[in-house]
Structure formats: C-alpha cells, structure tokens
Amino acid sequence: MTAIPAWPPQSAPRLYVATALGEGVSVQVDGNAAHYLISVMRVKADDIVLLFDGRSGEWAARARDIRKRDLMLDCVSQTKPPETVPDFWLCCAPIRKGRIDLIAEKACELGVAKLQPVLTRRAVVDKLNLDRLHTHLVEAAEQCGRTALPELGEMVKLDVLLRNWPADRHLFFADETGGVPIGQALGSHRGPAAFVIGPEGGFDPIEREAIRAHPCAVPVSLGPRILRAETAALAATAIWMGLNGDWNEDEL
Ligand code: SAM
C-alpha cells in the first residue's frame, strides 16, 4: 500500500508574516525572509511554506513567481487554528544583552502571553532593543510551532507597573529573600497570572516592600539557592505552565 505523503510536508519552512492571512490571501515575501526561503531553504514553485500572522492560526501557502529577492505565497488551507495562549505574563528587569535575549526566546517557547520589561533601581541595564527582542520572539515562534507571538511590552518602571496592575491578575513575586513555596502558591491561585523577576542585583528593600504591599502580590520562593535572573524567570514560567498552563492538556 503506498504511503500517503504527510500534509503539510514535514519539511515545509515556517514563517511569521505581518499580513493578515486567510482563504485566498497572497503574500509577497522579500528581504531576509525571502533570502531564507529562496537561498537557504531552496523553495521552488509550488512548494508549500507554512505561514502564521499571530492572529489567524497557521496556513499552508504555495510558492510562485520566485525571483532573486522576492516570491509570492498563496494561502491554500489552514493547517492550525489560532492557539489558545495561557494567560501568563513574564515581567522581568532588563539584564545583560545575551541573557535577556535568552529569556525572550525561551519565554516564547514556554508559551507566555506577554513579556513585560520592568525597570528596577538595581538594574544594570536601563534600556532595551525591543526590535531585537521581537526578532527573538518571532524566531522562537517559527521554530516551536506557535501561531501567536507573545506581546512585548514597552519597558515600564516598577512603580508604574504596580499602579496599573490589573485587579484580576495574580502577581507572583519571585522573592529571593523567601516566600511561599511555588507549588503551594500556584496551587492556591488559579487564573490570570504573572511572575515578576528582579535583575542581577535583586530588588532593593523599598521595592520589595512595595511589591509585597500590592493586593495582587504573592511572594514566592524558588527554593533555597539564589538563581540567576534568567534561571528564575524560565524556571518560574515552566512551573506555572506545568501546574496552571497548557502543559496538562490532553493531546488535541
Ligand atoms: N542580588 C540578589 C542576591 O544576591 O540575593 C540576587 C538576585 S537574583 C540574581 C535575580 C532575581 O531572581 C531575584 O530578584 C528574584 O526575583 C529571582 N530569584 C533568584 N533566586 C530566587 C529564589 N531562590 N527564590 C525566589 N526568587 C529568586
């Protein structure tokens, strides 16, 4: 019996596009994305490329009019519905370049809904290249099969974040000086959530007091050792995803 080829082809490249996708939509791809498809992935006419736009799921698109620096892709069918994104925000202080990039990439793979940079007094970095972080989010989403990109917030100061905090969202505060054991904290606080992670220098006492005083705040311990900020950010996110996120859903 001849094997029926998998659809969409397993080898099909995956690309994020800003264009709203849908039945019969055609997308012109140029620049780096075209170079990747044409020169790296050697896409030929009629080949399938998987597209997602962050809102309408994933679409198989057929390639045509392939030129040196651009090509056209015609949506032929939806291959994945829009993903249901776990309602989790990762709020972290800006840390050194390579490490904040790691947080962005891994947070996307882990499934966060929003990455919110928070400026704290002891942060050694006080500005971020959001375009670069957005690129990491896109590349991670293309690789891990997400159809939605995490929202990337503009950097805000901690006091502004706390003042504007949504009343229905648990604010799990990763406090290196101690807090509720994470399993217990997450087990008793379901629903929209966020973790706030400090910078290399940690939170200063005034910041710690301000966070703990917030009505939505739950101080959480991530164990007896002092973790690097990126370790704390990714460990806390992974545990939330495992206990309250979408890692427990049966295979669709
Ligand atoms: N300067 C701090 C110190 O030496 O105590 C360390 C800060 S740590 C590198 C960066 C952030 O990771 C902390 O602000 C906290 O949010 C989180 N973190 C690290 N270890 C933690 C733990 N055991 N429990 C809770 N949060 C932790």
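We count ligands from 1, going down the list as the structure has it; atoms in each ligand are counted the same way. Given the structure is predicted, the values throughout are model-derived calculations rather than measurements.
By the 3.5 Å distance cut-off applied to N or O atoms, Leu222 is counted among the residues near ligand 1. Checked against a 3.5 angstrom limit, the closest N/O atoms of Arg225 and ligand 1 fall inside it. Checking only distances, Ala229 never comes within under 3.5 Å of ligand 1, N or O to N or O. Residue Pro199 places no N or O, backbone or side chain, under 3.5 Å from any N or O of ligand 1.
Partners of Trp59 by ring pair (Phe, Tyr, Trp, His ring centres under 6.0 Å), not counting sequence neighbours: none found. Residues passing the side chain to side chain donor-acceptor pair (under 3.5 Å) test with Arg96 are Glu200, sequence neighbours excluded.
The shortest contact between atom 16 (O) of ligand 1 and any protein heavy atom is with Ala174 O, 2.7 Å. The closest protein non-hydrogen atom to atom 11 (C) of ligand 1 is Gly198 O, 3.5 Å. Counting only heavy atoms of the protein, atom 13 (C) of ligand 1 lies nearest to Glu176 OE1, 3.1 Å.
Counting non-hydrogen atoms of neighbouring residues, nucleotides and ligands closer than 6.0 angstrom, the CZ atom of Arg69 reaches no more than 12 such neighbours. Around the CZ atom of Arg121, the shell of radius 6.0 Å holds more than 12 heavy atoms that belong to other residues, nucleotides or ligands.
The Ile197 neighbourhood of ligand 1 comprises atoms 12 (O), 16 (O), with distances under 4.0 Å to a heavy atom of that residue. The distance from ligand 1 to the heavy atoms of Glu200 drops below 4.0 Å at these ligand atoms: 1 (N), 6 (C), 7 (C), 9 (C). Close approach of ligand 1 to Phe203 is summarised as follows: ligand atoms under 4.0 Å from at least one heavy atom of the residue are 14 (O), 16 (O). Heavy-atom contacts of Gly201 reach the following atoms of ligand 1: 1 (N) (cutoff under 4.0 Å).
Among Ser221, Gly202, Ala232, the residue whose heavy atom lies closest to atom 18 (N) of ligand 1 is Ala232. The heavy atom nearest to atom 9 (C) of ligand 1, considering only Val220, Leu227, Ile226, is found in Leu227.
With a 4.0 Å heavy-atom cut-off, ligand 1 is reached by no atom of Thr231.
Contact between Pro224 and ligand 1 is absent, with no heavy atom of the residue lying under 4.0 Å from the ligand.
The aromatic rings of His214 and Trp165 stand perpendicular to each other, their planes meeting at an angle above 60°, with 30° marking the opposite boundary.
In this structure, CG in Leu158 is found 11.5 Å from CD1 in Ile206, a value given to the nearest 0.5 Å. Distance check: Ile103 CD1 to Cys92 SG gives 4.0 Å after rounding to the nearest 0.5 Å.
The heavy-atom pair separating Leu186 from Arg190 by the smallest distance is O-NH1, 4.1 Å.
Side chain of Arg55 to main chain of Asp53: a donor-acceptor pair is present (N/O by atom type, distance under 3.5 Å, no hydrogens or angles).
Evaluated for a side-chain contact (heavy atoms from CB on, under 4.5 Å) with Leu51, the options Thr147, Leu21, Thr79, Thr19 yield exactly one hit, Leu21.
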